[in-house]
Structure formats: C-alpha cells, structure tokens
Amino acid sequence: MPELPEVQTIVNDLNKKIVGCRIVGAWFDTPKIIKKLKPEEFKKHIKGLEVSGVKRRGKNVLIYLSNVSRIKSNKSRIKILLVHQKMTGHLLVGKWNARKRQVKSLIKGPLNEKVNNYIHLILYLDDGRQVALSDLRKFAKVMLGTKEEIEASPDLTRIGPEPLDRKFSFNDFAGLMSSQKRKIKQVLMDQKVIAGIGNIYSDEILWQAKVHPFKPANKLSDRELKEVFLAMKNVLGKALRMRGTSTSDFRDTEGKPGNYTRVRLAYQREGEPCGRCQTPIKRVKIGGRSAHYCPKCQKL
DNA sequence: CGATTCCCCTGATAGC
DNA sequence: TGCTATCAGGGGAATC
C-alpha cells in the first residue's frame, strides 16, 4: 500500500519521465475510479493538456497540467490530476495496447508481473508512451479539476502537515499528539492529523521509537514523543531513499518493487525475532487493521 | 467527541 | 480437485 515514501518515489519518477509531455487521449474500463467529472468529460478535458510538474501531498499524487492551446479562456489555465492509489494502485509509465482491451495479458519484459495486469486507466502521451493506472482492487481514484478546485478539495485541505517538512517541528508534533486521546498508532495513521503515514510506517516508527502502538497519544512522555518524532523523520527518510516497501504489491513506475522491504523491522514480521532483543514480533488487531510490535521493547 | 462496523474489491489461503 | 468462507486494508459513511 503506497504511503509517503512510495508515493514520493512515484512522484520523483514521473517528474523525470513525463514533464513536458502532452496528453493526447485517455482510455478507461472502470468509470468508478474517475471522480467529480463524468468519465466522458474527463476524457474530453484531459486531452491536449501538457504535464508541467508532479507533486505529492500526503498520499496523493498531483499531476499539474497546463493548457498549451492558443485558445484564451477566463478559466484557470492550470489543472491538476489528483491520483490516490489507495491499496493496490500503481502508476506505470510504458506502452500497452488497450485498443484491443486485452490489457490483462499484454505486459512484457520488466513489467511482466501480475501486479501490472489490472490496468483500468491509460493516459496516452504524445511521444507514444502511456501513463497507466493499474489497480487490482479498484479502490484507487483520480480526480481532474482546475488548480483552484483541487487545492480546495477535502482531499488536500483536510489533511495534516507533511512529516518530512522541515518546518514541521517537534513542538508542532507534540502539540498535535497532546490533543489526541486515541492510540498512538491510530493517530499516526490518521491523515487529518499527519499526512502520508499508513500501516507500514506507523509500525516501523513505533518499533524504532520503542513505543507501544496502543499507548494513548496524549500519554506519551516527552522522551517518547521525541523518539517517535525522530523515528518518523528517520524511517520515512530512509524508506524514501530505498524507494519504498513492497510487502504488499507496491511497484514504481517501472514496475519494480521497493527496497525497504528487506530492512523493515516490524511490519509483517509476525513471529520473526525483534531486531533488538530477538523476542518474536507480535501482531494484534487495532481498529480493523493489524499492528506489529515487539512485546518486550515496546511497553505501554 | 470517540469507537465500532460496514462497504468497496479480489487474490490468497484455509477448511472441508 | 474444487468449492466456499474468511481475510486484508485506505478511507469514508453510518451507527452506537
């Protein structure tokens, strides 16, 4: 499931690969993925737009598009295509043959993995390449609108600060935690509190900080808060440098998995020895999600 | 306000 | 072998 490091990896790749490209058409087979606009309108509106840059906010990919046509308009010339990959979404850059609607068996070479066999949306670029959204569970969503519309949408306005933003200080973090009675694991995963952290990195951060996932956020000691804050910066930074985690089926725009998978110390390591004390990692349910932690190192 | 449950979707896995 | 039940999980909605 793509979280901050995975989404940022996608964004970095897209910035290297598709900036300056013009979208000449679109294809889709799952209309429900397209929000706000009717799918046919989406097709019409996105055609002819040129990619000017790609950014990330929380777990959202923001593809900035500009209208390069000479037709003048009072409306904003800058549009944004917001993509949320949810759990199994992938943004891939390559070439497929969707006209034959045989997208489930056309991927060859380095993309020859089943994870790429569920393409539901394709943006055709003017150089022959395509940006494809594959998504096994069809939970992903894309939303096209003007820069103003998208920036004002709840997807971007109702989420908390960026954990890797240097302006996001320890005092900011401690302030947010002090007003939260919920379990620290749930608070870290709550996009409205902090943006971009999900199940993988909340487990990794709390393991690193030696804090029990069930501890109420406002009950953390000052020392624990500092540990969590530091771990948050360190874990996310390292995972980003390693191009993300692929315990599930995350893939970059080439279809390649991330490298953090092999250095993770808590997430989906149930029964395996803790990296500090060798105690088997435990797995427990919390709010419908699973938490992994060391019962010896991470005390309540 | 917070906690819980359901829903969306489909491959993997366990049980029979 | 093959069928069926269960589960995972981001996020939003509904309910308690």
Side-chain angles (χ1 to χ4, degrees), chain A residues 1-8 10 28-36 39 56-62 82-91 103-105 107 113-121 133-143 150 153-160 163 176-205 213-219 236 239 244-251 257-258 261 264 266-271 281-293:
Chain A
M1 57 219 76
E3 300 176 27
L4 188 154
E6 290 78 25
V7 179
Q8 188 66 51
I10 297 291
F28 60 85
D29 70 352
T30 308
K32 61 157 276 189
I33 288 177
I34 299 167
K35 310 293 180 188
K36 197 172 90 67
R56 179 191 60 77
R57 177 74 176 98
K59 299 176 188 173
N60 300 286
V61 176
L62 305 174
L82 180 153
V83 182
H84 195 305
Q85 303 174 90
K86 294 288 175 77
M87 297 174 48
T88 53
H90 309 92
L91 278 172
V103 290
K104 293 198 174 184
S105 59
I107 293 92
E113 296 181 48
K114 69 179 178 183
V115 72
N116 299 308
N117 291 347
Y118 303 91
I119 293 171
H120 298 302
L121 172 70
L133 176 67
S134 91
D135 187 10
L136 185 152
R137 284 181 174 73
K138 301 179 181 172
F139 287 171
K141 72 170 176 183
V142 302
M143 194 164 69
I150 300 296
S153 71
D155 305 68
L156 299 189
T157 56
R158 293 187 194 168
I159 58 177
L176 288 173
M177 295 303 116
S178 68
S179 64
Q180 293 286 338
K181 297 175 188 169
R182 288 177 294 162
K183 300 175 174 73
I184 180 71
K185 157 104 173 158
Q186 288 179 308
V187 173
L188 288 177
M189 286 200 293
D190 187 341
Q191 303 303 295
K192 291 191 286 297
V193 180
I194 301 171
I197 299 172
N199 218 12
I200 299 172
Y201 297 108
S202 55
D203 278 354
E204 293 297 314
I205 289 166
F214 283 16
K215 188 150 190 172
N218 61 356
K219 293 287 197 301
L236 294 176
T245 304
S246 298
T247 47
S248 181
D249 65 358
F250 168 71
R251 296 293 184 276
T261 318
R264 77 194 194 284
Y267 184 71
Q268 282 196 3
R269 289 190 74 247
E270 183 186 17
I281 295 292
K282 254 181 116 169
R283 171 177 170 163
V284 290
K285 279 280 185 176
I286 168 174
R289 304 292 181 257
S290 52
H292 310 76
Y293 70 103

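The structure displayed is predicted, hence computed values, not measured ones. Every chain is numbered from 1 and lettered A, B, ... according to where its sequence line falls, protein lines coming before strand lines.
Nucleic acid contact for A/S248: none, since no nucleic acid atom lies under 4.0 Å from a heavy atom of the residue. If you check every strand for non-hydrogen atoms under 4.0 Å, A/Q186 touches nothing. A/M87 comes within 4.0 angstrom of a nucleotide base, judged by non-hydrogen atoms across all strands. Residue contacts shown for A/K183 are absent, as no nucleic acid heavy atom lies under 4.0 Å away. Within 4.0 Å of A/Y267, counting heavy atoms only, lie sugar-phosphate atoms of the nucleic acid but no base atom.
Considering only side-chain N and O atoms, A/Q268 lies under 4.0 angstrom from the phosphate OP1 or OP2 of C/dG9. Residue A/Y118 places none of its side-chain N or O atoms closer than 4.0 Å to OP1 or OP2 of B/dC9. OP1 and OP2 of B/dA12 both lie 4.0 Å or more from every side-chain N or O belonging to A/R137. Contact check, A/Q191 against C/dG11: a side-chain N or O comes under 4.0 Å of OP1 or OP2. The phosphate of C/dG11 (OP1 or OP2) has a side-chain N or O of A/K59 nearer than 4.0 angstrom. The side chain of A/K285 places an N or O atom within less than 4.0 Å of a non-bridging phosphate oxygen (OP1 or OP2) of C/dA8.
For the pair A/M189 CE and B/dG2 P, the interatomic distance rounds to 16 Å; values are reported in whole Å. Rounded to a whole Å, the NE2 atom of A/H120 is 17 Å from the P atom of B/dC8. The separation between A/D203 atom CG and C/dG10 atom P is 10 Å, rounded to whole Å. Distance NZ (A/K181) to C1' (B/dC1): 7 Å, rounded to an integer number of Å. The CD1 atom of A/I33 sits 14 Å away from the C1' atom of C/dG10 (whole-angstrom rounding). Computed from coordinates, the A/K192 NZ to C/dG11 C1' distance equals 9 Å when rounded to whole Å. Atom CG of A/L136 is separated from atom P of B/dA12 by 8 Å (rounded to the nearest Å). At whole-Å resolution of the value, CG in A/L82 and P in C/dG11 are 12 Å apart.
Candidate nucleotides B/dC9, B/dG11, C/dG11 were compared by shortest atom distance to the side chain of A/H84, and C/dG11 ranks first. Listed candidates were C/dG11, C/dG9, B/dA3. Nearest to the side chain of A/F139 is C/dG9. Closest to the side chain of A/R283, from the set B/dG2, B/dC9, C/dG9, is C/dG9.
Summarising the geometry of A/P31 relative to A/P39, their closest heavy-atom pair is CB-CG, 3.6 Å, with the distance given to 0.1 Å.
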*Evaluate the criterion side-chain hydrogen bond (donor to acceptor under 3.5 Å, both in side chains) for residue pair A/H292 and A/D203; output intermediate values, then yes/no.*
CA-CA 6 Å; A/H292 310 76; A/D203 278 354; 2.6 Å; yes
*Could you give me the CA-CA distance, side-chain angles and deciding distance for A/N60 and A/H84, then say whether side-chain hydrogen bond (donor to acceptor under 3.5 Å, both in side chains) is met?*
CA-CA 5 Å; A/N60 300 286; A/H84 195 305; 4.5 Å; no
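Across A/K185, A/E3, A/R289, a single residue satisfies side-chain hydrogen bond (donor to acceptor under 3.5 Å, both in side chains) together with A/N199, and that is A/K185.
Annotation: cation-pi geometry satisfied between A/K183 and A/F214 (NZ/CZ under 6.0 angstrom from ring centroid, within 45° of ring axis).
Residue A/K36 places its NZ atom among more than 12 non-hydrogen atoms of other residues, nucleotides or ligands, all under 6.0 Å distant.
Of the residues near DNA chain B, A/K138 and A/S179, the one whose nearest nucleotide (by heavy atom distance) lies more toward the 5' end is A/S179.
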